[in-house]
**Student:** 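Please read through the structure below; I'll follow up with questions.
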Amino acid sequence: MDKAYEAKKFESDIYAAWEASGFFNPDNLTGEPYAIMMPPPNVTGILHLGHALENTLMDVMARYQRMQGKKVLLLSGTDHAAVATQARVENDLVEQGIKNPRQHFGREELLKKIREYAEESKATILTQIKKIGTSADWSRLAYTFDEERSRAVNTAFQKMYQDGLVYSGYRAVNWSIKGQSTCSDDELKYIERPAKLYTFKYSKDFPISIATTRPETKLGDTAVAVNPKDERYKKYIGKKYSIKQFGGAVDLIIKIIGDETVDPGFGTGAVGVTPAHSMVDFEMNEKHDIGCIQVIDRYGRMTSFAGKAYEGQTVDEAHNKVVDWLQNNNLLEDVKDTIQNVGTSDRFGDVVEVLLMTQWFVAVNKEIPGRGKSLKYLMREVVVSGHTGDAAQRVKINPERFEKVYLQWIDHLRDWCISRQIWWGHQIPVWYELKPEEYQKYKDDSEAFRNFLNFTRPATLAVGLEKPSGDNWLQDPDTLDTWFSSGLWTFSTLGWGSNERMWKKMRAFHPTSWMQMGHEIIFFWMARMILMSTYLLDEIPFHDVYIHGMVRDEQGRKFSKSLKNGIDPLEVIEKYGADALRLSSIIGTSPGADSRFYYEKLDGARNFVNKLWNIARYILDSQKTAEKTRKQLTLADSWILERLEATIYMVNRCLEEYDFASAMDATFGLREFMWDDLADWYLEISKVEGINVDVSNKILETLLKLLHPFLPFVTEVIWKEMKKPNLLMVADWPNRGESLNLSQINVDFSLVKEIITAVRSLRADKGVEPAKKIKAVVNAGKQKKFLAEQAEIIKALARLSDLEFSATKPAQAAAAVAGGVEVYLPLAELLDIGKEKERLQKEIAEIERYRDSLSGKLVNKEFTAKAPKAVVAAEQAKLTEAEAKLKKLREQLI
RNA sequence: GGGCGCAUAGCUCAGUUGGUUAGAGCGUUACAUUGACAUUGUAAAGGUCCGUGGUUCGAAUCCACGUGCGCCCACCA
């Protein structure tokens, strides 16, 4: 074995061996099914450190469960990420100087370009996932846009259409002018920007003033809403006012309506209602039926409904023109600076306009035929009481606080607009039968066809998997929201809706066992998976969800292209090894909380891996030297075996609770066991008493097993060095383990440790050369016999020439009390008596303070009466101990 | 406007249902190193647990208020 572990030398061979073994595929495993569906990364580029964290978490779980003897399916895949990918490719093309890529290339050509980009990105991503060591079943690799998944999408759409849950409607939608497509409510990113709030009247004799930041939309107003309890305006409710030539352009009929949502305290207490260009106003129209006038078109220009004077103008031009008109006609009462909260398209970046359009929607509030519940109800139920009220089918969100976030979102949920006008995505599986002349007109012009569909619904349509036979059928040109397909992920990957035979075989893996994701996709993805699975399969998609935080840079900033602070996991692996990357992404994290990435952490992780390597190297080397091996169990052997059991117990508990960081922790975790207990104590002692082959083998073997989920590569390499016949990845997981207890072995060993530490401390304090061997005197009392047995160890680790047991205190000595035993280092020539006295006095004072606080407690009747007996007893024991130590220290002072 | 989270050593973070002399890693200081490992070892320094008040025999932990960060939701027109 080399002096230092060089990850690069081994990783690709080890990964190849795992793949060749076939154990990534559950078909080659037995036991109860256990499935983790990996969140498919977008094919928009390469993976970042957040993905590295996700992959590590899932692979830790998968390997842990596999070693427990389960039939583990870890399924990987990628997401075509409709808008994100098309927007990305279009942006790149624009940067290359192509002004309007859609016009320039046309549908087929542009799709080809996006496909090429996606394929390249997919290949990169898969390489990255493998490099991290992910034990995924590559034979079942999926893609949201491949054939099987596309068929599943169509199957789902068809069923929802038949149940009336998918419908097409002429409704207000969020429209990105730049992207020329709708976006869902969740795809909006709100930003604040300064704006002017104008207060005005429609006309001189209109009774109510209203305020707006968007005067240009007022050309499309059909009502004024006031709070029905508002005394000022009550009398107007129900009245209609006709306004001639508003803005110098259109006649309006304004109805005064009463609506509870209007805040009487804001502005004038009255709102101009523009149902065509505001979601809230559109909802008022649904309640009060006031009619809609669309004054802005899909290109952000004013329509003919805005009047001749405005038609064709941009929104900004119209804005100024209306303001001018109001001013000139003395209708403008006030202008105020304000901050406006506007929705922007997450992907295209522009401010979104609300427009009326015919689009496809998922009805979330409608009753599902035969179920008596709405989709919204199903989505809420799984988290609150379990699917169909069955507690065994409850989705548990970790950490729990995200449940609240999720439920809050559900309450605000509106019908989900699922059609998009971009080209990259699953085309809506709806065909329309057109008149021959219409068919000829639209068959090669999807834009014109879409405009036609906006106002005309052909009488005959077919929804399903394939184009109906016969002539003149044309498919809806729109594509589906990407989350429609990712919502099916937990079961479309198993063959549902596309491959009956496969679905039958893989059915047992659903509901999947464990799911993890970042909190930013709880709404987008988790919610949609729950919707799809409960509706289509009548069961939950997964039992447990673990929400992890975001990985940030060392200053706590997000990784982003503009900051140029991105780090490619492959570079990290190249330099530090995959194991170090895995370890560093886990340590310092806790569920749901963001974590920071910094290189010192990687150094630490790499050192950890190297330490393990050298521990193994030492154990295996020293086992070869015959005269240094022995059979009988020593105190150290028994102690390390007990510590091992405690560590097994801890690691199992942590993994059951998805507390990955604690399993590797320096306190009671694997780090403490490996580094402190094993390397610094047990192996150091073995240099004195020789190594026990059986014990050291057991320790090393078990340690490798426990570490394998976290550090799969180095552990597998060492396993091979141990000449084990089978792969570590399918070795038996150490399932037993006992929690740490105060056995005699632990107590005895602590005493030895404490004496050694005390001597070392005194030596350092007195400036004794580390190499210099000196004598120590111990007043051991009853412990004399036991300590005499351990003398060689104490002498070696504390670098003593002699260890004398005596009740007589040396005349001039540095002194300490360790584990209730007096320790003296007679150092006449080195010792400054005055200083040593001072040191002892300081220590005495410290313990006196401690003693006083303890006795203060115990004197307090309230404490002894009210505190639990065990606590009082514990405090009493502490006091006794402190007093004993104090007594000895005082004697030493003399 | 509503909701959620965070504040503990120089830095990054643990601290489970209230009972510790409040911990770890990194960093710092001193010393050491020819045989497992300098990607190391030994020892040490370092904390008003954000502030104020309250509950309690007892508060880093629970409650209230305040301060400072961060996040989510909501088209106050």
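Keep in mind that this is a model prediction, so the values were computed, not measured. Residue numbering restarts at 1 for every chain, and letters A, B, ... go by the order of the sequence lines.
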**Student:** Heavy atoms under 4.0 Å, any strand shown: does A:Thr212 hit a base, just sugar-phosphate, or nothing?
**Tutor:**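 If one applies the 4.0 Å heavy-atom cut-off, A:Thr212 turns out to touch the sugar-phosphate alone, with no base involved.
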**Student:** Show every salt bridge (charged side-chain N to carboxylate O under 4.0 Å, His left out) that has at least one partner inside residues 188-201 of chain A, sequence neighbours left out.
**Tutor:**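 Checked against salt bridge (charged side-chain N to carboxylate O under 4.0 Å, His left out) - neighbours excluded - the pairs reaching residues 188-201 of chain A are A:Lys196-A:Asp337.
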**Student:** Out of B:C76, B:C73, B:C75, which nucleotide sits closest to the side chain of A:Asp263?
**Tutor:**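 My answer, after comparing the listed nucleotides, is B:C76.
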**Student:** Applying side-chain contact (heavy atoms from CB on, under 4.5 Å), can you list everything that pairs with A:Ile521, at least two apart in sequence or on another chain?
**Tutor:**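 So A:Ile521 forms a side-chain contact (heavy atoms from CB on, under 4.5 Å) with A:Trp483, A:Met517, A:Phe524, A:Trp525.
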**Student:** Could you write out each protein N or O paired with an N or O of nucleotides 2-10 of chain B at a distance under 3.5 Å?
**Tutor:**
unit_1 : atom_1 : unit_2   : atom_2 : d
B:C4   : OP1    : A:Lys404 : NZ     : 3.3

**Student:** Kindly indicate whether the side chain of A:Val351, heavy atoms from C-beta on, has any atom under 4.5 Å from the side chain of A:Ile177.
**Tutor:**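 No, too far: nothing below the 4.5 Å cut-off.
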**Student:** Determine yes or no for a side-chain-to-main-chain donor-acceptor pair under 3.5 angstrom, with A:Gln408 supplying the side chain and A:Val405 the backbone.
**Tutor:**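 No; judged by distance alone, with no hydrogens or angles, the pair does not exist.
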**Student:** Which part of the nucleic acid, if any, lies within reach of A:Val354 when heavy atoms closer than 4.0 Å are counted: base, sugar-phosphate only, or nothing?
**Tutor:**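 Base, at least one base atom sits under 4.0 Å.
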**Student:** Tell me which donor-acceptor pairs under 3.5 Å the side chains of residues 265-272 of chain A have, and how far apart each pair is, sequence neighbours excluded?
**Tutor:**
unit_1   : atom_1 : unit_2   : atom_2 : d
A:Thr268 : OG1    : A:Ser209 : O      : 2.6
A:Thr268 : OG1    : A:Ala270 : N      : 3.4

**Student:** Considering only the C1' atoms, how many Å lie between B:G10 and B:G2, rounded to the nearest integer?
**Tutor:**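 Result for the C1' pair: 39 Å, nearest Å.
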**Student:** Cation-pi check, A:Lys885 to A:Tyr850: give yes when NZ or CZ is under 6.0 Å from the six-membered ring centre and within 45° of the ring axis, no otherwise.
**Tutor:**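 The answer is no, since A:Lys885 fails at least one limit relative to A:Tyr850.
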**Student:** Does OP1 or OP2 of B:A74 have a side-chain N or O of A:Asn341 closer than 4.0 Å?
**Tutor:**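 Result: no.
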**Student:** Using nucleotides 41-45 of chain B, report all nitrogen or oxygen pairs with the protein that are shorter than 3.5 Å.
**Tutor:**
unit_1 : atom_1 : unit_2   : atom_2 : d
B:G41  : OP1    : A:Lys611 : NZ     : 3.2
B:G41  : OP1    : A:Trp675 : NE1    : 2.4
B:A43  : O3'    : A:Ser761 : OG     : 3.4
B:A44  : OP1    : A:Ser761 : OG     : 3.1

**Student:** With sequence neighbours excluded, what pairs up with A:Arg401 under the side-chain contact (heavy atoms from CB on, under 4.5 Å) test?
**Tutor:**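 Listed in chain order: A:Pro399.
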**Student:** Just how far, in rounded Å, is P of B:A74 from CG of A:Asp185?
**Tutor:**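 Interatomic distance, CG of A:Asp185 to P of B:A74: 7 Å.
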**Student:** Tell me: CZ of A:Arg849 to P of B:A22, nearest whole Å?
**Tutor:**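 From A:Arg849 CZ to B:A22 P: 11 Å.
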**Student:** Any idea which of B:A36, B:U39, B:A77 is nearest the A:Thr213 side chain?
**Tutor:**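 Shortest atom-to-atom distance from the side chain points to B:A77.
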**Student:** Given the C1' atoms of B:A7 and B:U61, what is the spacing between them in whole Å?
**Tutor:**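 These two C1' atoms come out 14 Å apart once rounded.
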**Student:** Please give the distance between the C1' atoms of B:G27 and B:U12 as a whole number of Å.
**Tutor:**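 These two C1' atoms come out 11 Å apart once rounded.
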**Student:** For A:Glu600 and B:G27, what is the distance between atoms CD and P respectively, to the nearest whole Å?
**Tutor:**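 In whole Å, B:G27 P and A:Glu600 CD are 8 Å from each other.
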**Student:** A:Val262 side chain: which of B:C37, B:A77, B:C26 is closest?
**Tutor:**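 The nucleotide sitting nearest to the side chain is B:A77.
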**Student:** For the C1' atoms, the ones on B:C50 and on B:U67, what distance do you get once it is rounded to whole angstrom?
**Tutor:**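 Those two atoms are separated by 8 Å.
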**Student:** For a quick test of reading the model: is some side-chain N or O of A:Tyr190 closer than 4.0 Å to OP1 or OP2 of B:C75?
**Tutor:**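 Yes, because at least one side-chain N or O of A:Tyr190 sits under 4.0 Å from OP1 or OP2 of B:C75.
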**Student:** Using Watson-Crick or G-U wobble geometry with both distances under 3.5 Å, which nucleotide pairs with B:A24?
**Tutor:**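 Paired with B:A24, as far as the under-3.5 Å criterion goes, is B:U12.
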**Student:** Taking atom P in both B:C26 and B:A22, what distance in whole Å separates the two?
**Tutor:**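 B:C26 and B:A22 have their P atoms separated by 22 Å.
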**Student:** What interatomic distance, in whole Å, is found between C1' of B:A24 and the corresponding atom of B:G46?
**Tutor:**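 The same atom, C1', in both gives a distance of 14 Å.
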**Student:** Let me know the distance between CZ of A:Arg606 and P of B:C26, rounded to the nearest Å.
**Tutor:**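 After rounding, the gap between these two atoms is 12 Å.
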**Student:** Can you tell me how far C1' of B:A77 sits from CD of A:Glu216, to the nearest Å?
**Tutor:**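 Rounded to whole Å, this separation is 13 Å.
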**Student:** With A:Phe523, which residues qualify under ring-ring contact (aromatic ring centres under 6.0 Å, His included), at least two apart?
**Tutor:**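 ring-ring contact (aromatic ring centres under 6.0 Å, His included) list for A:Phe523, sorted by chain: A:Trp409.
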**Student:** For A:Ala4 and for A:Thr268, find the nucleotide of RNA chain B with the closest heavy atom, then tell me which residue's nucleotide is more 5'.
**Tutor:**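 Here A:Ala4 is the residue nearer the 5' end.
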**Student:** For B:G5, which nucleotide is its Watson-Crick or G-U wobble mate, given both distances must be under 3.5 Å?
**Tutor:**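 Because both required distances fall under 3.5 Å, B:G5 counts as paired with B:C69.
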**Student:** Please list, chain by chain and in numerical order, all residues satisfying side-chain contact (heavy atoms from CB on, under 4.5 Å) with A:Thr338, sequence neighbours excluded.
**Tutor:**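 A:Ala195, A:Leu197, A:Thr213.
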**Student:** When both hydrogen-bonding distances must be under 3.5 Å and the geometry is Watson-Crick or G-U wobble, what is B:A64 paired with, if anything?
**Tutor:**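 With both distances under 3.5 Å, B:A64 matches B:U52.
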**Student:** Which residue pairs pass the salt bridge (charged side-chain N to carboxylate O under 4.0 Å, His left out) test with at least one member in residues 262-278 of chain A, sequence neighbours excluded?
**Tutor:**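 Qualifying pairs, neighbours excluded: none.
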**Student:** Can you check whether any acceptor in the base of B:A36 is under 3.5 Å from a donor in the side chain of A:Lys687, or vice versa?
**Tutor:**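 Result: at least one qualifying N/O pair found.
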**Student:** My understanding is that only residues two or more places apart in sequence, or in another chain, count here; which of them pass side-chain contact (heavy atoms from CB on, under 4.5 Å) with A:Pro264?
**Tutor:**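 So A:Pro264 forms a side-chain contact (heavy atoms from CB on, under 4.5 Å) with A:Asn227, A:Asp230, A:Arg232.
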**Student:** So which nucleotide from B:A77, B:G23, B:U39 ends up closest to the side chain of A:Asn610?
**Tutor:**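 Shortest atom-to-atom distance from the side chain points to B:U39.
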**Student:** Rounding to a whole Å, what distance do you find between A:Glu881:CD and B:U21:P?
**Tutor:**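 So the CD-P distance, A:Glu881 to B:U21, works out to 11 Å.
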**Student:** Taking the P atom of each, how far is B:A74 from B:G66, in whole Å?
**Tutor:**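 Looking at atom P only, B:A74 and B:G66 are 26 Å apart.
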**Student:** Once you round it to whole Å, what is the distance between P of B:C37 and CG of A:Leu683?
**Tutor:**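 The answer, rounded to whole Å, is 13 Å.
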**Student:** Please state how far atom CG in A:Asn174 lies from atom C1' in B:A74, giving the value in whole angstrom units.
**Tutor:**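 To the nearest whole Å, that distance equals 14 Å.
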**Student:** Return yes if some donor-acceptor pair links the side-chain N/O of A:Ser662 with the main-chain N/O of A:Asp659 below 3.5 Å, else return no.
**Tutor:**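 No; zero donor-acceptor contacts below 3.5 Å.
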**Student:** How is A:Arg851 classified with respect to the nucleic acid when contacts are heavy atoms under 4.0 Å: base, sugar-phosphate, or nothing?
**Tutor:**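 Nothing: the residue A:Arg851, judged by heavy atoms under 4.0 Å, touches no strand.
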**Student:** Does any part of the side chain of A:Arg763, heavy atoms only, come nearer than 4.5 Å to the side chain of A:Glu769, both counted from C-beta?
**Tutor:**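 Contact flag for A:Glu769/A:Arg763 side chains = no.
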**Student:** Hunt down the Watson-Crick or G-U wobble partner of B:U34, both distances under 3.5 Å, from any strand shown, or write none.
**Tutor:**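 Because no pair has both required distances under 3.5 Å, B:U34 counts as unpaired.
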**Student:** What residues form a ring-ring contact (aromatic ring centres under 6.0 Å, His included) with A:Tyr233, not counting sequence neighbours?
**Tutor:**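 Residues passing ring-ring contact (aromatic ring centres under 6.0 Å, His included) with A:Tyr233: none at all.
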**Student:** So if I define the base as every atom that isn't primed, P, OP1 or OP2, how would nucleotides 13-19 of chain B read as a B/S/- string at a heavy-atom cutoff under 4.0 Å?
**Tutor:** SS----B
**Student:** Using heavy atoms to find the nearest nucleotide of RNA chain B for A:Glu192 and A:Gly269 separately, return the residue whose nucleotide is more 5′.
**Tutor:**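 The answer here is A:Glu192.
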